[in-house]
Amino acid sequence: MAQRRKGERALGPYPIGRKWRVVVVGEGGERDSRFYPTEEQAKAVVKAIRREFARADRKPVQEARDEYELYLRHDKGNKLESVKTTVHALNVFFTNGEMMLCELTPQKCAGYYDALRNRRSRKKLPFAVDTHRNVLANAKTFLEWCMTKKRWIARNPLAAVDGVGRRKHGKAQLRIDEARKWMAKATEFADAGEKGAVAAMMALLMGMRANEIVSRVVRDVDDGGTLLWIPSSKTEAGRRTLRVPEVLQPYLVRLTEGKAPEQELWGHHWRDWVRKWVQKICRAARVPSVSAHGMRGLHSTLAMETGMSAQIVAASLGHASSTTTLQSYASPEAVAGAQQRRVLRVLEGGKA
C-alpha cells in the first residue's frame, strides 16, 4: 500500500506476553508503541493507521485551526469571547501553522509544551501554571477533535503529555472590613456617574462573572430594575434570572434610559474592564488589590458564612453543581434574593 512518507508506517501486531504490540513509526523514524488485549483489535488499529497514512491529503495546522474555530462558533454555539480565547491558546501552542497535522509526533508536542513552560510573556514573566496548563488543555481538545471528528490524524500526539505544576484554587479575597471600605469608595464612583464602578459592584453584590456583566443588554434589566436576566452563560446552569439589590437598582435603571432594548448596557467592553475597575477601586480605598473573580468568591464566602448552604450558593452563582432538590423546589430568583440580602447586611455593618 502506498505511503505518503517513506518513514511513516504501522508495524505489527507482535505478541508480547498476553498482549499484542503495534508500533507506529513517524516520518522522522520516531516510534510509538501501543498494546492491545487481542490480535483482532491490534490488526484493526494497524489497518486504520495505514489507511490514514495512505490518504493523499495533508492538513496544515492553521487550516485545521480555522475549521475548528468555525465548529466552535456554529456547531457547538460557543460564545464569541470563549472561541477567541480558545483560538488564542492554540496560536500560542502551535507557533508554526504551516506544519502538517500528520507531522505532530508525541515527541514534538512534548517539546512544544516544554518550550511553552519556559517562554516569557510580554512582561518578561514566565507563564503561570494555570496559564500553560489551560493552553495545553485547549491544544489536547483540538487534536482530539482532529482525530475523532475529522479523522485527519490517527492518534492524538498530546494524549500522553501531562500538565506540570499545581494549579491555584480560588482567588484572593478582601476581608469584611476591607470590603466595606471598598463598597464605600465604589459608591462614591457610581454616584459620580462612573458606570464601571456599578459593574464592579455587581461582581460583589450579585456574584456575577465578569463576562456575564459586560454582556448585558438593556432589555436584560427588567421589572423596574429589580430583575436581571442572564439568558446565556458559560454553563447551562448559568442561564438564570437574578434579583437586583436595592442599592444597584437606580444605577441600572439610569443606564437603560434612552437606549434601544438590544443595545449594550455598558457600551462595548471586554471582561477585563470589570477587573480593572475592581482594582481601581481597591487602590482608591487603600485595600489589597483583588480580581473581579475574587469579588465573586467573596460574595460566596459571605453568603455561606451567614448560613447559606454550598448547594444554594452554587445555584445562585450559575454553577452546574446545583442539586435536584434546589432545582425542583426553589427558584433562582428567591435563592439569589435571600443571598444578596445576607451579603448586604454584612457589608452594611451586620455580623457574619
Side-chain angles (χ1 to χ4, degrees), residues 121 123 125 128-131 166-216 228 234 242-252 254-255 265-267 269-308 310 313-314 316-319 336-352:
S121 68
K123 295 182 178 180
L125 298 173
V129 171
D130 281 347
T131 300
R166 188 172 182 176
R167 289 182 177 273
K168 292 183 179 179
H169 295 283
K171 299 292 185 180
Q173 299 179 11
L174 295 178
R175 307 288 172 81
I176 292 177
D177 284 340
E178 293 166 347
R180 289 173 181 148
K181 293 179 182 178
W182 187 94
M183 270 296 298
K185 187 57 66 174
T187 302
E188 287 182 22
F189 279 119
D191 288 342
E194 295 288 0
K195 58 186 180 181
V198 182
M201 290 163 69
M202 291 173 73
L204 174 58
L205 300 183
M206 300 179 69
M208 294 175 63
R209 299 179 177 95
N211 66 312
E212 291 176 341
I213 295 172
V214 298
S215 300
R216 301 283 54 82
L228 186 71
K234 183 179 179 181
L242 296 176
R243 283 279 172 193
V244 178
E246 289 185 14
V247 67
L248 288 177
Q249 291 175 15
Y251 298 123
L252 293 183
R254 196 175 304 134
L255 285 168
L265 189 63
W266 317 94
H269 291 286
W270 179 245
R271 61 186 178 186
D272 279 359
W273 179 64
V274 182
R275 172 182 60 80
K276 291 175 180 177
W277 261 102
V278 167
Q279 294 175 343
K280 178 177 180 177
I281 298 169
C282 286
R283 292 191 295 270
R286 297 186 178 181
V287 297
S289 183
V290 297
S291 66
H293 198 72
M295 284 301 194
R296 178 171 150 87
L298 177 59
H299 176 92
S300 306
T301 299
L302 293 177
M304 285 189 283
E305 285 180 350
T306 52
M308 298 291 285
V313 173
S316 180
L317 295 179
H319 290 161
Q339 182 174 347
Q340 289 159 9
R341 286 191 293 275
R342 286 170 171 79
V343 172
L344 282 168
R345 186 176 68 236
V346 172
L347 292 177
E348 291 170 355
K351 297 296 184 181

Validate the cation-pi geometry between K276 and W273: distance from NZ or CZ to the six-membered ring centre under 6.0 Å, angle to the ring axis within 45°.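 No, K276 does not sit over the ring of W273.
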Which atom pair, heavy atoms only, marks the closest approach of [X] to [Y]?
{"X": "G294", "Y": "Q173", "answer": "O-CG, 3.6 Å"}
{"X": "A200", "Y": "I281", "answer": "CB-CD1, 3.9 Å"}
{"X": "P288", "Y": "C282", "answer": "O-SG, 3.5 Å"}
{"X": "A199", "Y": "V274", "answer": "O-CG1, 4.1 Å"}

[Y] and [X], any side-chain heavy atoms less than 4.5 Å apart:
{"X": "Q279", "Y": "R275", "value": "yes"}
{"X": "L204", "Y": "L347", "value": "yes"}
{"X": "V290", "Y": "M295", "value": "yes"}
{"X": "R180", "Y": "D177", "value": "yes"}

Distance, nearest 0.5 Å, that separates [atom1] of [X] from [atom2] of [Y]:
{"X": "K195", "Y": "L252", "atom1": "NZ", "atom2": "CG", "answer": "12.5 Å"}
{"X": "E246", "Y": "Q249", "atom1": "CD", "atom2": "CD", "answer": "5.5 Å"}
{"X": "L248", "Y": "R243", "atom1": "CG", "atom2": "CZ", "answer": "14.0 Å"}
{"X": "R209", "Y": "R271", "atom1": "CZ", "atom2": "CZ", "answer": "11.0 Å"}
{"X": "E194", "Y": "W277", "atom1": "CD", "atom2": "CH2", "answer": "3.5 Å"}
{"X": "M208", "Y": "L228", "atom1": "CE", "atom2": "CG", "answer": "5.0 Å"}

Please confirm whether the backbone N or O of [Y] pairs with a side-chain atom of [X], one donor and one acceptor, at under 3.5 Å?
{"X": "W182", "Y": "M201", "result": "no"}
{"X": "R296", "Y": "A203", "result": "no"}
{"X": "W266", "Y": "I213", "result": "yes"}

Hey, is R175 close enough to E178 for a salt bridge, meaning N to O under 4.0 Å?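 No salt bridge links R175 with E178.
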Start with the C-alpha gap between Y251 and T187, add the side-chain angles, then the distance that decides, and say whether side chain to side chain contact (heavy atoms under 4.5 Å, CB included) holds. CA-CA 10 Å; Y251 298 123; T187 302; 3.8 Å; yes
Before giving the answer on side chain to side chain contact (heavy atoms under 4.5 Å, CB included), spell out for F189 and V198 the whole-Å C-alpha distance, their side-chain angles and the decisive distance to 0.1 Å. CA-CA 8 Å; F189 279 119; V198 182; over 6 Å; no
